[in-house]
2 protein chains.
Amino acid sequence: MKLSKKGEYALKAVLYLSCRYLHGQKEIVQIHEISKHEQIPEKFLQSILLSLKKVGVLESHRGVNGGYTLNRPPANITVGEVIRVIDGPLAPVGCVSKSAHVPCMVQNRCGIQSVMAEVRDAISNVLDKMTFEEMCKKMYGAKLALT
Amino acid sequence: MKLSKKGEYALKAVLYLSCRYLHGQKEIVQIHEISKHEQIPEKFLQSILLSLKKVGVLESHRGVNGGYTLNRPPANITVGEVIRVIDGPLAPVGCVSKSAHVPCMVQNRCGIQSVMAEVRDAISNVLDKMTFEEMCKKMYGAKLALT
DNA sequence: TAATACTCTATAAAAACGGTAGAGATTGTG
DNA sequence: CACAATCTCTACCGTTTTTATAGAGTATTA
């Protein structure tokens, strides 16, 4: 039930961009800055952001003063969406996935299918409802509490 | 968020043993039979069952008429327990795992920690509550419905 | 004692993971 | 225009994990 490093980096990067977005309205940020701030290998982060751009979560600008920013408001991007792009379906097994269903080899229903469907729903219920705007606000609250 | 093949096989095997257990009260079953019935590579299944024995979920008998059976009633074995034995902690990231916590490298709390903790709770809420007795009964109900 | 069935160790191919390198394309600035 | 900054794209690479398989050894019992 693991989140890969790649997925973790993706979430941190989008969260970082979201906070910048909310703060300055569509601020453009270079890969290097995100990489440094979130401690993510720069080249690795490049490929992650590129994937997120291709599916329309991020947008990029090349050349001097280029960089990445969100393609939509953070209230409109969920954690589940980002994880699916980077790590694939949330469902523990393919035969209960809604986003990438693969037919079950077992005739009728194998015994574990229904419990796995419950897990998929439980995960989706958290991740598909959590937006990056909400996460930013949570983080901001946590930081205030620390001071 | 994947369940490995090994985890899937473990669940199917324990479920199979549970149904046998409930039906005949502690019936001993050979690896070969489970392997054949559930379509699991026999040698692979051997190592899985051995692991489940070592943690006290199963018990085994050697020699003629030997085989595996549950070490406890199926009402007393949860899906979460079996998955943890075979696949490790349920938590998506180590820093929110209760069963195998590893400290977070990031000072304070990184932004994604709280949502990952929610996911861990959501998964645990399904898998640690679901017993194999319940699964057997569900399966039995499903099979009846098919006839 | 012979057949059966679990136990243990070793091995291995394939896939996934985590990361790196470098050439190329695009853009803004002086 | 030249050039520096920045994303884009392709390819690669080492390690770990996954998914097994092989075979010798041990215990049991008929």
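Model, not experiment: these values are computed from the prediction. In what follows, every chain begins at residue 1, and chains take the letters A, B, ... in the order their sequences are listed. The basis for the numbers below is simple: all heavy atoms, side chains too, and nothing from hydrogens, waters or symmetry mates.
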Novice: For A/Ile31, report the nucleic acid contact type (base, sugar-phosphate, nothing); a contact means any heavy atom under 4.0 Å.
Specialist: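 If one applies the 4.0 Å heavy-atom cut-off, A/Ile31 turns out to touch the sugar-phosphate alone, with no base involved.
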Novice: What is the separation between atom CD1 on B/Ile86 and atom P on D/dT17, rounded to the nearest whole Å?
Specialist: 16 Å
Novice: For the backbone of A/Ala91 and the side chain of B/Lys2, can you confirm whether one donor and one acceptor N or O come within less than 3.5 Å of each other?
Specialist: yes
Novice: How would nucleotides 11-20 of chain C be written as a contact map, 5' to 3', with B for base contact, S for sugar-phosphate-only contact and - for no contact, using protein heavy atoms under 4.0 Å?
Specialist: -------BBB
Novice: Just to be sure I understand the geometry, which residues of residues 50-64 of chain B put a non-hydrogen atom under 4.0 Å away from DNA chain D?
Specialist: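 The stretch gives B/Arg62, B/Gly63, B/Val64 as the residues lying under 4.0 Å from the strand, ordered by number.
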Novice: Between D/dT8 atom C1' and A/Gln30 atom CD, what is the distance in whole Å?
Specialist: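 These atoms are roughly 16 Å apart.
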Novice: Taking 4.0 Å as the cut-off, does a side-chain nitrogen or oxygen of A/Asn65 come that near to OP1 or OP2 on C/dT27?
Specialist: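 It does not, given that no N or O in the side chain of A/Asn65 lies less than 4.0 Å from OP1 or OP2 of C/dT27.
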Novice: For A/His32 and D/dC7, give me the distance from atom NE2 to atom P, rounded to whole Å.
Specialist: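 After rounding, the gap between these two atoms is 11 Å.
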Novice: Expressed in angstrom and rounded to an integer, what is the separation of A/Leu49 atom CG from D/dC7 atom P?
Specialist: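 The answer, rounded to whole Å, is 8 Å.
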Novice: If I compare all heavy atoms of A/Arg84 with all of A/Pro89, which pair ends up nearest, and what's the gap?
Specialist: CG-CA, 4.5 Å
Novice: Can you name the residues that form a side-chain contact (heavy atoms from CB on, under 4.5 Å) with A/Glu133, not counting sequence neighbours?
Specialist: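 Here the qualifying residues are A/Leu22, A/Pro74, A/Ala75, A/Thr131, A/Lys137.
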Novice: Could you tell me the separation between the CD1 atom of B/Ile48 and the P atom of C/dC6, rounded to a whole number of Å?
Specialist: 14 Å
Novice: Closer than 3.5 angstrom, by distance alone: can the side chain of B/Ser35 be matched with the main-chain N or O of B/Ile40 as a donor-acceptor pair?
Specialist: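 Side chain of B/Ser35 to backbone of B/Ile40, a donor-acceptor pair under 3.5 Å: yes, one is there.
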Novice: Any salt bridge (charged side-chain N to carboxylate O under 4.0 Å, His left out) pairs touching residues 54-71 of chain A, not counting sequence neighbours?
Specialist: A/Lys26-A/Glu59
Novice: Can you list the residues that meet the side-chain contact (heavy atoms from CB on, under 4.5 Å) rule with A/Lys43, with sequence neighbours excluded?
Specialist: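 Listed in chain order: A/Gln46.
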Novice: Per the ring-ring contact (aromatic ring centres under 6.0 Å, His included) rule, what does the pair list look like for residues 10-33 of chain B, sequence neighbours excluded?
Specialist: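 Residue pairs with at least one partner in residues 10-33 of chain B: B/Tyr16-B/His37.
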Novice: Mark yes or no for whether B/Thr69, through its side chain, and B/Glu27, through its backbone, hold a donor-acceptor pair below 3.5 Å.
Specialist: yes
